[in-house]
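Letters A, B, ... mirror the listed sequences (proteins, then strands); counts begin at 1.
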Amino acid sequence: MSISTKYNPAEVESKRYQEWLDKGFFKSTPNPDKEPYTIIIPPPNVTGVLHMGHMLNNTIQDVLIRKARMEGKEACWVPGTDHASIATEAKVVGMLREKGIKKSDLTREEFLKYAFEWKDKYGGIILNQLQRLGASCDWDRTFFTMDEKNSAAVRDVFISYFKKGYVYRDYKMVNWDPTAQTTISNEEVIYKDVDAALYYVEYEIEGSDKKVTIATTRPETILGDTAICINPNDERYTHLKGKKAIVPMVNRVIPIIEDEYVDLEFGTGCLKVTPAHDTNDYDLGQKHNLETIDILNDDATLNEDAQFYVGMTREEARKQISIDLKESGHMVKVESMRHKVGFSERNPDTVIEPKLSLQWFVDMQKIVGPALENVMNDNIQFFPDKFKNTYKHWLENIKDWPISRQLWWGQQIPAYYYGDDGVAVGKTKEEALEMAIKDTGNSSLTLDDLKQDEDVVDTWFSSALVPISCFDGFANPDNEEYKYYYPTQTLVTGWDIIFFWVARMIISGYEFANEKPFEQVYFTGMVRDLQRRKMSKSLGNSPDALGLIDQYGADGVRVGMLLSSAAGNDLLFDEKLCEQGSKFANKIWNSFRFIKTQEVQDIPQDPAAKIAGEWFMNRINEVVVELDDLFSKFRLSEALMSTYKLVWDDFCSWYLEMIKPKYGEPIDQKTYDQAIGFIEQVMKIIHPFMPFISEEIWHNLQDRGDKDYVMIAEWPTHAGFDADQVKKTSDVFEAITGIRNVRSSKGMSPKEALELKIKATDFVSYEAYIPVIQKLANVSSVEGTDSKIENAATFIIEKDEFYVPLGEYADTAEDKEEAQKEISRLEGFIKGIDKKLSNEKFVNNAPEKVVAMEKKKKADAEAKIALLNQKL
RNA sequence: GGGCUCUUAGCUCAGCUGGUUCAGAGCACCUGCCUUACAAGCAGGGGGUCACUGGUUCGAAUCCAGUAGGGCCCA
């Protein structure tokens with residue numbers, strides 16, 4: 001057969017992925033004979049396209065799920081997408097605008113029809129892109145957070161919370177996104193340092209010619225001022241106590257109040273209070289019973305109540321009022337400063353406006369108990385566990401969660417209002433009516449008296465329910481799937497959504513399933529560029545994910561992503577790592593090609609190949625043990641590196657070189673069969689990391705049956721291994737390297753055969769390896785010796801002395817000088833050990849093992865010195 | 001401001017419960033090779049005051065305290 005000298009990923013990947021799909025290997029059904037291993041995907045937004053974060057995150061999930069599948073577990077990776085209300089609604093509104101349709105001209109139903117059309121068209125793109133990466137999801141299970149199952153769950157949960165008093169409706173200060181025109185939660189506000197100005201503005205004191213100066217970063221809110229606040233301990237302002245001030249421009253008379261909240265150091269120590277437009281001011285307003293004047297519209301332009309600048313944006317009004325105040329002589333000065341300003345996560349250029357609004361809130365403190373406890377006691381394990389701290393801190397200081405979103409795309413809040421202040425909840429309007437009648441005793445209420453809340457719930461309220469709802473655990477808690485798959489095993493997600501999603505899933509899990517949603521959480525880092533900047537569209541530093549796959553192959557990109565991603569640490573993405581991945585794929589391909597193209601004959605086994613086989617068998621087993629340990633700790637980049645070295649160093653550089661027949665000669669059948677067997681083992685081991693090439697080689701090694709795929713092959717079990725044999729072989733490798741080193745430093749040709757004499761305590765133990773040494777170091781003879789050899793290069797391995805006679809290449813003065821240097825270094829080394837050994841405290845306190853080790857170190861160094869002295 | 005966290009080779013990172021010739025890996029770099037699987041390769045090599053200061057200890061990259069600098073979260 002002819003095998004291409006280069007591995008061609010593009011061709012292989014689409015072919016193999018389709019086969020896996022066709023054979024149904026991704027599918028999972030409950031199987032009581034198998035242990036379940038379930039992962040629920042962090043559902044990407046329906047608006048999303050595949051980016052580097054997804055690539056990392058989903059590569060990791062695929063590695064875990066593929067290994068579990070091979071280990072004989074019932075592996076089930078559930079994919080899905082998130083409706084992402086704010087982001088999606090914005091996209092749909094934008095799309096409609098292009099068609100000339102205004103959202104406000106549509107009914108809710110009409111809008112949702114457009115939104116679902118949009119979702120059906122674009123919502124699946126990202127999942128298709130995941131297939132390019134090799135994701136082995138059970139696609140038949142694909143969920144969507146607005147599926148009826150999950151939407152019903154949202155209603156159930158809301159009603160349940162309502163009945164338990166865990167949700168309440170209140171008029172409070174919330175974070176308002178004026179672009180999306182909805183409330184968002186605290187977690188969705190991103191604080192950024194920005195350059196700003198601090199304006200010092202003078203207010204007149206009523207009935208006096210005195211004035212007071214306040215400092216503010218938002219002079220436009222002066223129009224909504226309803227008090228001035230001073231610190232009662234501030235001696236500078238005692239004369240103002242009980243007085244009233246006059247707001248510039250609007251000439252409103254406002255009280256001067258006292259509160260220790262005011263920072264004496266900041267600005268003038270004198271604070272203007274605008275309860276409608278600042279959270280702290282709002283609190284002051286409540287405390288001191290102040291009037292609240294809201295001067296902003298929902299889109300953050302000024303309204304009629306502002307009296308001035310009506311219709312201008314906040315920013316325009318700020319500019320204009322600073323000019324006008326200057327002209328009217330109220331502006332004392334303007335200082336530049338830097339301060340933190342909250343921006344919307346969804347609209348990064350939009351400044352969040354604190355806004356008073358009537359909203360539904362979840363009383364978080366009532367429901368976080370089990371979620372905190374079960375993470376702290378490792379009932380749910382976090383990897384890395386440092387995130388337990390962050391989690392704990394958040395839960396212990398948790399604030400009530402505003403869940404109303406003034407949008408249509410999402411699950412409409414199942415609360416119905418009637419009369420002046422009646423509220424009822426229900427899965428349907430009819431149910432709510434029943435409740436209303438029961439609550440009021442007024443049986444004359446009709447459906448027409450009830451009006452459903454216009455808002456939808458926060459997307460995260462909805463996605464927090466997915467682990468239960470995707471197995472239909474709300475409506476049908478006794479169903480087989482739910483009982484089998486829940487709780488799931490591993491959640492793989494970025495640490496940035498630990499509060500948004502992870503914590504809320506855990507809370508919901510304990511609240512509604514009485515059980516954790518998953519056993520372990522593996523937090524991945526954020527993908528950054530080489531300058532440590534976050535990848536973003538605006539910086540243009542995010543590589544095209546699919547382009548990378550085209551260029552390096554999915555396997556190459558997977559390796560590239562994993563190589564640099566220690567758990568929880570951000571990773572600096574470097575395209576060179578993908579290149580390294582694709583080179584690795586090519587290396588694997590060539591090793592396979594090498595074996596496969598040998599001419600095989602029924603001849604006795606080559607003695608070097610025999611040793612090689614014994615050794616490599618042991619090495620594989622050693623590495624398998626190591627890998628299982630690393631996987632259990634989620635040290636995936638280290639697991640990959642172990643695999644990488646097993647393939648590149650052990651298999652290619654040593655094993656293949658040992659079994660390689662002389663030029664033009666055939667390989668013996670036994671060695672060939674062994675080598676094929678080893679490649680099969682190696683393909684299994686690399687499969688979770690590099691699913692495509694391993695599958696391709698698997699099928700090229702021999703004819704395979706219908707279900708004989710490496711993807712579902714059995715993961716190598718720990719067969720145990722002969723550690724002594726591995727050690728001896730590694731000593732021999734060291735000797736071979738030593739000989740090559742001699743050759744290299746003396747400028748001897750690789751073609752020139754050398755001799756080797758070994759003065760060993762047990763020369764017999766080397767005898768079996770003689771063919772190996774001869775083959776790999778081009779040595780004509782290997783003999784034992786009892787005496788030292790003159791005019792030879794020497795080195796020591798494990799107390800055994802190795803001599804390579806030099807003949808005409810005798811040591812030069814330079815070599816002697818080097819030897820002298822080495823002797824001096826060793827003597828210093830011995831001195832240090834002697835110091836330790838003569839320290840009674842050390843000898844008495846240190847474990848015997850450590851003392852013995854020091855003695856051995858000394859003996860070894862002395863032997864080396866003796867050997868080096870011969871050169872001089 | 002409060003909390004968390006980090007600082008080890010040119011770069012990115014391992015280094016567990018203090019003790020192995022422990023100062024490591026990958027990449028990058030240097031030297032020599034187109035050796036008949038692979039130049040996307042082979043064989044060798046150099047490179048670090050483990051941020052700093054002090055403490056605990058027979059012994060510290062590792063534990064403790066402080067300092068400097070970076071990052072993150074929350075106000």
Side-chain angles (χ1 to χ4, degrees), chain A residues 3 5-7 186-187 189 191 263 279-280 340 342 384 386-394 396-399 495-496 498-499 525-526 528 530 532 552 556 563-566 568-574 576-577 579-598 629-630 633 635 637-638 640-642 644-645 648 652-653 656-657 660-665 736-745 747-751 776-778 826 829 833 835-854 856-858 860-861 864:
Chain A
I3 303 167
T5 57
K6 295 225 153 92
Y7 173 61
N186 290 330
E187 289 73 34
V189 181
Y191 288 92
D263 181 354
T279 313
N280 297 314
K340 295 240 185 216
K386 66 177 177 187
F387 286 112
K388 279 165 77 177
N389 286 328
T390 317
Y391 180 83
K392 178 167 183 264
H393 189 257
W394 188 72
E396 284 179 346
N397 298 286
I398 197 152
K399 305 213 167 47
W495 51 254
D496 54 333
I498 183 169
F499 308 134
M526 300 294 108
R528 296 175 184 275
L530 286 173
R532 287 190 186 275
Y552 301 106
L563 273 178
S564 60
S565 63
N569 285 345
D570 287 358
L571 77 93
L572 309 190
F573 180 76
D574 185 351
K576 273 196 286 190
L577 291 170
E579 193 189 330
Q580 194 183 342
S582 73
K583 283 183 182 174
F584 183 45
N586 198 54
K587 182 74 182 175
I588 295 168
W589 183 255
N590 272 297
S591 65
F592 147 74
R593 193 165 67 91
F594 168 68
I595 291 183
K596 200 58 192 170
T597 51
Q598 291 301 312
D629 178 57
L630 291 170
K633 296 171 182 157
R635 310 185 77 127
S637 60
E638 285 172 63
L640 174 57
M641 191 41 73
S642 286
Y644 185 90
K645 287 198 268 197
W648 205 302
C652 294
S653 295
L656 291 182
E657 292 303 323
K660 192 182 261 183
K662 281 193 189 121
Y663 179 57
E665 289 181 17
I736 291 166
T737 303
I739 298 162
R740 287 172 176 167
N741 211 340
V742 169
R743 199 189 293 278
S744 157
S745 67
M748 299 162 156
S749 157
K751 293 190 174 113
L776 268 57
N778 190 17
L826 288 167
F829 181 62
I833 297 172
K835 207 167 146 195
K836 263 192 199 174
L837 289 174
S838 60
N839 181 340
E840 258 176 60
K841 282 183 179 167
F842 171 73
V843 180
N844 293 336
N845 290 324
E848 252 174 67
K849 213 176 78 187
V850 175
V851 178
M853 187 57 67
E854 291 299 319
K856 180 177 181 297
K857 273 152 70 174
K858 182 180 172 181
D860 288 354
K864 275 183 195 168

If you assign each of A/C652 and A/P847 to its closest nucleotide in RNA chain B, which residue comes earlier from the 5' end?
A/P847
Among B/C38, B/U5, B/A75, the one nearest any side-chain atom of A/E657 is B/C38
Tell me the interatomic distance from A/E848, atom CD, to B/G59, atom P, rounded to whole angstroms.
20 Å
Contact string for nucleotides 24-30 of chain B, one letter per nucleotide 5' to 3', B = base within protein heavy-atom range under 4.0 Å, S = sugar-phosphate only, - = neither, reads -SSS---
Atom C1', compared across B/G48 and B/A28: separation rounded to whole Å
16 Å
Determine whether A/N778 and A/I739 make a side-chain contact, defined as any pair of heavy atoms from C-beta on separated by less than 4.5 Å.
no
Determine the interatomic distance between C1' on B/U17 and the same-named atom on B/G59; round to the nearest Å.
16 Å
Testing B/C13, B/G41, B/C74 for proximity to the side chain of A/F499, the answer is B/C74
OP1 or OP2 of B/C42 versus the side-chain N and O atoms of A/W648: is any pair under 4.0 Å?
yes
Taking only N and O in the side chain of A/S744, is any of them less than 4.0 Å away from OP1 or OP2 of B/U31?
no
In whole angstroms, the gap separating C1' of B/C72 from OH of A/Y191 amounts to 16 Å
Indicate whether OP1 or OP2 belonging to B/C42 is found under 4.0 Å from a side-chain N or O atom of A/K587.
yes
For the C1' atoms, the ones on B/U31 and on B/A37, what distance do you get once it is rounded to whole angstrom?
25 Å
Any non-hydrogen side-chain atom of A/R635 less than 4.5 Å from a side-chain atom of A/D629?
no
Sugar-phosphate only, base, or nothing, as touched by A/S745 at under 4.0 Å among non-hydrogen atoms:
nothing
Side-chain ion pair, A/K858 and A/E854, N-O less than 4.0 Å
no
In whole angstrom, give me the gap between the P atoms of B/C22 and B/C11.
25 Å
d(A/L577 CG, A/L563 CG) to nearest 0.5 Å is 6.0 Å
Whether A/N741 side chain and A/T737 backbone form a donor-acceptor pair below 3.5 Å:
no
Would you indicate, yes or no, if B/C42 has its OP1 or OP2 atom less than 4.0 angstrom from a side-chain nitrogen or oxygen of A/R743?
no
Could you check whether A/K751 gets within reach of a base, just the sugar-phosphate, or nothing at all, counting any heavy atom under 4.0 Å?
nothing
Give a yes/no on whether any side-chain N or O of A/N845 is located under 4.0 angstrom from OP1 or OP2 of B/G59.
no
Taking B/G44, B/U5, B/A37 as options, the one with an atom nearest any side-chain atom of A/L656 is B/A37
Just wondering, more than 12 heavy atoms not from A/E848 lying within 6.0 Å of its CD?
no
Give a yes/no verdict on a cation-pi contact between A/K587 and A/Y644, requiring under 6.0 Å between NZ or CZ and the six-membered ring centre and an angle within 45° of the axis.
no
Return no unless some side-chain N or O of A/K835 is found under 4.0 Å from OP1 or OP2 of B/G59.
no
Could you check how far NZ of A/K660 sits from C1' of B/A37, rounded to whole Å?
7 Å
For the C1' atoms, the ones on B/C29 and on B/G46, what distance do you get once it is rounded to whole angstrom?
9 Å
Between P of B/U56 and NZ of A/K841, the distance in whole Å:
11 Å
Just call it for A/N741: base, sugar-phosphate, or nothing, with non-hydrogen atoms closer than 4.0 Å on any strand.
sugar-phosphate
Rounded to whole Å, please give me the gap between NZ in A/K340 and C1' in B/G1.
12 Å
For a quick check of understanding: with a heavy-atom distance under 4.0 Å over all strands, which category does A/K864 fall into, base, sugar-phosphate or nothing?
base
Contacts of A/V843 and A/N590 projected onto RNA chain B by closest heavy atom; the upstream (5') one is A/N590
If the threshold is 4.0 Å, N to carboxylate O, is there a salt bridge linking A/K660 and A/E657?
yes
Spacing of A/E579 atom CD relative to B/A39 atom P, expressed in whole Å:
14 Å
Could you check how far CZ of A/F829 sits from P of B/A23, rounded to whole Å?
7 Å
Counting N and O atoms only, with roles assigned by atom type, does the side chain of A/S744 sit under 3.5 Å from a partner on the main chain of A/R740, one being a donor and the other an acceptor?
no
If you check every side-chain atom of A/R593, which of B/G44, B/C13, B/A37 has the closest atom?
B/A37
Pick base, sugar-phosphate or nothing for A/S591, based on heavy-atom distances below 4.0 Å to the nucleic acid.
base
Taking the same atom, C1', in B/C27 and in B/G66, what whole-Å distance lies between them?
37 Å
Who are the side-chain contact (heavy atoms from CB on, under 4.5 Å) partners of A/I398, not counting sequence neighbours?
A/M364, A/Q365, A/V368, A/W394, A/L395
Just need the stems in RNA chain B: three or more back-to-back Watson-Crick or G-U pairs, each with both distances under 3.5 angstrom, sorted by first number.
B:1-7 with B:68-74, B:10-13 with B:24-27, B:29-33 with B:41-45, B:51-55 with B:63-67
Provide the distance between the two C1' atoms, one in B/G71 and one in B/G26, to the nearest whole Å.
24 Å
What is the ring orientation for A/Y7 with A/W589, classed by angle as parallel under 30°, tilted 30 to 60°, or perpendicular over 60°?
tilted
Can you check the distance between B/A9 and B/C73, where both ends of the measurement are the C1' atom (answer in whole Å)?
32 Å
Salt bridge present between A/K864 and A/D860 (N-O < 4.0 angstrom)
no
So, OP1 or OP2 of B/G59: does either fall under 4.0 Å of a side-chain N or O from A/N839?
no
When the distance from CZ of A/R528 to C1' of B/C13 is rounded to whole Å, what number comes out?
16 Å
Side-chain atoms of A/V850 come closest, of B/G3, B/C4, B/G19, to B/G19
